[in-house]
Visitor: 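I'd like to ask you about the structure that follows.
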Amino acid sequence: MVAAGGDSDTASPAPPLAAPDPIMPLAIRTRRLTRQFPGGFGVRDLDLNVPAGSIYGFLGPNGAGKTTTIRLLLDLLRPDSGEIALFDQPLDRKTRTTLGLVGALVESPSLYLHLSGRENLDITRRLLDVPKARIEQTLERVGLREAADRRVRDYSLGMRQRLAIALALLGQPKLLILDEPSNGLDPAGILDMRQMLRRLVDEDGLTVFVSSHLLSEIELIASHVGVLHGGRLRFEGRLEDLRSRVKPRLILRCDSPLRALEFLLAHGEDASLTDPQTLQVQLTVRTGGEINHLLVTHGITVTHLARETVSLESLFFDLTLDSALEHAA
Ligand SMILES: Nc1ncnc2c1ncn2[C@@H]1O[C@H](COP(=O)(O)OP(=O)(O)OP(=O)(O)O)[C@@H](O)[C@H]1O
């Protein structure tokens, strides 16, 4: 469990943002969004840029501030400071018109278990005053047409989640905000959810903002990601920009590691000791073979040499460590 490090007042460098895409309008834009709780900051100086038409994976470990952000976006929580705009319209707390553009699933859905899926949808449909045909459309969209007349009590967790998303879709939102929708789902349920979200974006043109603490879940669907830790955004950009930060490195052992370290640093290599016997060298300047040659010609005997590629998972892990900013910069 990572506590939000809100109490520290140390100035942090700006998060490594990918270059904004000038063509894509933003479905969500926040500027310096801040909300403090008695125990510390929920979120701090958050500048989110969620492109319209994207699946934006909002990643962070427990306590990073994901739910706080979502509650702020949905006006379920007031910020201490900062701005929110949805589709270029400032969130208007009086008229709440911008919220009409949003469908959301936050925490456990409230469903009438003794009623069918269709009856649950009809209750919300009447409240929203949308045409009855919308029920069939949303049932189809979430893959519940065949189960529509069964009691929700008999639904699997995955089906209940999809019904909750159908409820969020009834009002034809342009933006769907989901807080950890795959929590507790089995692999088949996760796959269904992923395919459903893809269709909503590809076929219906929605923007999906989905939070998760699991990179593995997000990397299969998201086009864009924001990585949050301690209430601050550590990375934002296209998933491929995050992937491009995954660089190979060389793990090296030799007879005199300290001398080798000094020598490599003096030759412009990004080298460090991972333990007293082992060196790590980022492979950005020379190849592994060239580094080996350099050391050997300098009279250092290399006993072990291996090329490693840091996984996206460990990069994400690094981003959610306190030393993350140095790693990501
Ligand atoms: N109502 C509240 N009162 C006090 N502190 C809060 C409140 N809501 C959130 N926090 C604190 O704000 C920080 C961010 O919490 P938040 O729930 O937004 O994180 P999260 O990323 O959604 O985590 P999780 O995945 O565990 O839900 C945490 O330190 C949390 O304890």
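Order of listing sets the numbers, starting from 1, for every ligand and every atom in it. Residue numbers count from 1 along this sequence.
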Visitor: Taking both backbone and side-chain atoms of Gly65, is any N or O found less than 3.5 Å from an N or O belonging to ligand 1?
Guide: yes
Visitor: May I ask you to list the atoms of ligand 1 that are less than 4.0 angstrom from any heavy atom of Lys66?
Guide: 18 (O), 19 (O), 20 (P), 21 (O), 22 (O), 23 (O), 25 (O)
Visitor: Give the contacting part of Ser211 toward ligand 1: side chain, backbone, both or neither, where contact means a heavy-atom distance below 4.0 Å.
Guide: neither
Visitor: Can you tell me which portion of Glu180 lies within the under-4.0 Å heavy-atom range of ligand 1? Options are side chain, backbone, both, or neither.
Guide: side chain
Visitor: Relative to the heavy atoms of Pro61, which atoms of ligand 1 are at a distance of less than 4.0 Å?
Guide: 21 (O)
Visitor: Evaluate the side-chain proximity of Arg35 to Leu72: yes if any heavy-atom separation is below 4.5 Å, no if none is.
Guide: yes
Visitor: Compute the minimum heavy-atom distance from Gly231 to ligand 1 and say whether it is under 4.0 Å.
Guide: no
Visitor: Would Arg249 and Glu308 pass as an ion pair if we require N to O under 4.0 Å?
Guide: yes
Visitor: For Phe87 and Ala52, work out which heavy atoms get closest and say how close.
Guide: CE2-CB, 4.2 Å
Visitor: Can you find a pair of side-chain heavy atoms, one from Leu48 and one from Glu236, that are under 4.5 Å apart?
Guide: yes
Visitor: Would you check whether Gly40 reaches within less than 4.0 Å of ligand 1, judged by its heavy atoms?
Guide: no
Visitor: Give the atom numbers and elements of ligand 1 that come within less than 4.0 Å of a heavy atom of Thr67.
Guide: 17 (O), 18 (O), 20 (P), 22 (O), 27 (O)
Visitor: Would you say Ile165 and Leu178 make side-chain contact, with heavy atoms under 4.5 Å?
Guide: yes
Visitor: So which atom in Ala27 and which in Thr207 form the shortest heavy-atom distance, rounded to 0.1 Å?
Guide: CB-CG2, 3.7 Å
Visitor: Could you pull out the closest heavy-atom pair between His213 and Leu59, with the gap in Å?
Guide: C-CD2, 4.4 Å
Visitor: Which of the numbered atoms in ligand 1 are below 4.0 angstrom from a heavy atom of Ala64?
Guide: 19 (O), 20 (P), 21 (O)
Visitor: Check each of Gly63, Gly39, Gly42 against atom 24 (P) of ligand 1 and report the one with the nearest heavy atom.
Guide: Gly63
Visitor: Return the option from Thr68, Val43, Thr69 holding the heavy atom at the smallest distance from atom 16 (P) of ligand 1.
Guide: Thr68
Visitor: Indicate yes or no: does Arg141 engage Glu203 in a salt bridge with an N to O separation below 4.0 Å.
Guide: yes
